[in-house]
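Heads up: the structure comes next, in C-alpha cells.
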Protein chains: 2
Amino acid sequence: MSAAEAVPAKPKTRSRHYRRAQYDRGAETRGRLIEAALDVFGRLGLEGATTRQIAKQAGVNLAAIVYHFGGKEALHLAVAEHIVGRISTLLQPVLAEMADARAAASPAAARTALTHVLGHYVDVILGNAEAERWSRFIVREQMQPTRAFETIERFMGGAHGLATRLVATALKRPEDEEVRLRVFTMIGQILVFRVAQALVLGRMGWKAIGAVERTKIKRVVSENVVAILTLAGAPGR
Amino acid sequence: MSAAEAVPAKPKTRSRHYRRAQYDRGAETRGRLIEAALDVFGRLGLEGATTRQIAKQAGVNLAAIVYHFGGKEALHLAVAEHIVGRISTLLQPVLAEMADARAAASPAAARTALTHVLGHYVDVILGNAEAERWSRFIVREQMQPTRAFETIERFMGGAHGLATRLVATALKRPEDEEVRLRVFTMIGQILVFRVAQALVLGRMGWKAIGAVERTKIKRVVSENVVAILTLAGAPGR
DNA sequence: GTCTATAGTCGGATAGAC
DNA sequence: GTCTATCCGACTATAGAC
C-alpha cells in the first residue's frame, strides 16, 4: 500500500568512503521532507504552502525538493501516499478483524467487531501525534480536492465499505443506502472531535485530548452505536 | 450580532448628482468583497488567499480592500462576522424554539425540539448554497485558528450550550460532561456530510446533496438521536 | 546529493490622480 | 470611492559549483 514516494535518478556511487555504517542520505532527506510537507501542506494547503518553508522545516536545502520528488505538486502526492500507507499499517489488525467478522456473518460478532473497530479508529485519529497532521491534510482534500484526493479516497472508500458490511451483518440487512448512511453518521461521531477540536476543547474545558479523554469519547460513541444498532436500524422497524 | 463590517472614512459628498435613486456605492463594494473573500478565504485560507484574486472575483479594484477594510486580515475578520450574522439570522426561529423547550423543561418537548433543531441544522449546513462556503471557512478556522476564530467560537459555543440544555432536559440529567460529549456526537453525525462530502457523494452514488438526500439524512439522524436518547443516555443505565 | 545564486513571477500595501 | 502605477519582499524553479 505504500507506493513509491520518490523517483530520483538512482545514485550508484558514494561520494566518499566512510568508516562507519553507511546510511542512505537520500532516504533520510526524503523522509524529513515528507514529514515537513505533511505538516505544512496540512496547514496551508497545496497552494498556500511554500517549498521554502517545507525545506526549512525539514532542515534540507530548497533544491532537494525538485531533486527527490520533482516539484511541489509531486511532493504533495507523495505525502498522500505516505499517509495512506501509515494509516493502513496502523489499522491493519482491525481491518483483518473486520474481514473475519464478516466471514463469520454472525450479527453478534459483527457488533463486537464494530465496537472494536470504532475504538481503534478513535485511537488512530485522536491518539496519535501524527494523526492531527493526517487529519488536516485529509480534511483539506475533502473540502478542496486536488490530484491527491484520489489516493485518499481509494483508501477511505475501502474502509467505509468494510464498515458497511459489518453494520449490514449486525443489522441482518442488505448493504443498502440506509446502512451506508448510518455508517457515515457513526464515523461522524468520531470525526467531529478531530474536525471541531478547537471548539471541543473549549466547551469541555479540556486542555488536550489524551488517553483519559479518549476513553470517555470511546464510551459515549460505543453506547451510541449500540443504541443505534438496537433501535434505529433494526429491521421491521 | 452583525458587527461593523467596515470602517472607512465616512464619505459625505456624492461626486456627481444623479437623477435616479442614489445608492451607496461603498456598501455595494463592501458586500461584493465580503462575498468574494468568503469564497476565496474558505478555499485557500488566510495566508493562501491573495487580495488580487479576491478583488478580481468581486469585480472591484485591488485598492478597495485597503480602503474599505484596512487590509487582508481585517477583511478576513469581517468575513467571520458576516458568517456569524447570517447563520444567526437563519437559525433564529429554531434557537427561539430551543429556549422555549428549555423553559417548558418537559423531556418530551425537549426531545421534539431537538429533532426540529437538528433538522434545521441539516438544512442550514447542507441545503444552502452559501453554506458550503461558510463551512469551509469555519472548518478551516477550527483546524487552523486565526484571530477570526474567537468570533466563530462565540457563536458556535452558544449553539452547543443551547443544545446541551436541550439534551440534558430530554434525559432528565444535569448538563454534565457526558451530556456535552453526546451533543458533539449528534452534531458530528450531520457535520460529516459537510466535511467529508466528497467521500459521501462517491460512496452513496449521489451527484449532490439536494432536498431528497437531505430528507434521507434527516431521517437517519433523527432515528439515531431518538435511539441514543432512549438507550444510551437514559439515567440509571 | 547537497549546496548557492539567480531568473522570472507574483504577493500586499501604498501614493496620488481623478 | 475608485482607479493606475509602483515599491519591495517572497515565491517556484533552474543552473551549475562542489
Side-chain angles (χ1 to χ4, degrees), chain A residues 5-18 22-34 36-37 40-41 43-79 146-147, chain B residues 5-18 22-34 36-37 40-41 43-79 146-147:
Chain A
E5 284 175 349
V7 216
K10 277 293 159 52
K12 287 301 175 196
T13 59
R14 289 259 77 92
S15 53
R16 294 289 181 274
H17 50 283
Y18 296 98
Q22 197 70 59
Y23 73 102
D24 188 341
R25 278 218 297 164
E28 160 91 13
T29 299
R30 283 190 291 277
R32 296 166 68 92
L33 276 173
I34 289 276
V40 178
F41 279 136
R43 286 189 289 109
L44 277 358
L46 173 56
E47 289 187 56
T50 72
T51 51
R52 285 169 197 278
Q53 186 171 352
I54 293 168
K56 185 178 179 182
Q57 189 163 320
V60 307
N61 189 270
L62 172 63
I65 291 174
V66 174
Y67 179 78
H68 286 289
F69 296 94
K72 189 190 194 183
E73 187 170 342
L75 175 56
H76 188 254
L77 282 170
V79 169
T146 69
R147 284 181 50 200
Chain B
E5 283 175 352
V7 216
K10 279 291 160 53
K12 288 302 175 193
T13 60
R14 289 258 75 94
S15 54
R16 295 287 183 276
H17 51 282
Y18 297 100
Q22 198 70 60
Y23 74 102
D24 188 342
R25 278 217 295 166
E28 160 91 13
T29 299
R30 283 190 290 279
R32 296 166 69 92
L33 276 173
I34 289 276
V40 178
F41 279 135
R43 286 189 288 109
L44 275 0
L46 174 56
E47 290 187 58
T50 72
T51 51
R52 286 179 152 86
Q53 185 172 353
I54 292 168
K56 184 177 179 183
Q57 190 164 320
V60 307
N61 188 269
L62 172 62
I65 291 174
V66 174
Y67 179 79
H68 286 288
F69 296 94
K72 188 190 193 183
E73 187 171 341
L75 175 57
H76 189 253
L77 282 170
V79 170
T146 69
R147 285 180 52 201

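Order of the sequence lines fixes the chain letters, A, B, ..., with proteins taken first and strands second; residue numbering starts at 1 for each chain.
- Separating the CZ atom of A:Phe69 from the P atom of C:dT2 is a distance of 11 Å, rounded to the nearest angstrom.
- Residues that satisfy the side-chain contact (heavy atoms from CB on, under 4.5 Å) test with A:Leu44, not counting sequence neighbours, are A:Val40, A:Ala49, A:Gln53, B:Glu47.
- For A:Thr29, the side chain to side chain donor-acceptor pair (under 3.5 Å) test picks out no residue, with sequence neighbours left out.
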- [ ] Any chance you could list the contact pattern along nucleotides 4-18 of chain C? Use B for base contacts, S for sugar-phosphate-only contacts and - for none, protein heavy atoms under 4.0 Å, 5' to 3'.
- [x] B------BBBB----

Let me check something: any side-chain donor-acceptor pairs from residues 55-65 of chain B under 3.5 Å, sequence neighbours excluded? List them with distances.
residue : atom : partner : partner atom : Å
B:Gln57 : NE2  : B:Asp39 : OD2          : 2.7
B:Asn61 : OD1  : B:Ala63 : N            : 2.9

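- The distance between atom NZ of B:Lys56 and atom C1' of D:dT2, rounded to the nearest whole Å, is 19 Å.
- Every pair passing salt bridge (Lys or Arg N to Asp or Glu O under 4.0 Å) that includes a residue from residues 60-77 of chain A is listed here, sequence neighbours excluded: A:Glu73-A:Arg147.
- The shortest side-chain heavy-atom distance between B:Phe69 and B:His76 does not fall under the 4.5 Å cut-off.
- Rounded to whole Å, atom P of D:dA10 lies 15 Å from atom CG of A:Leu44.
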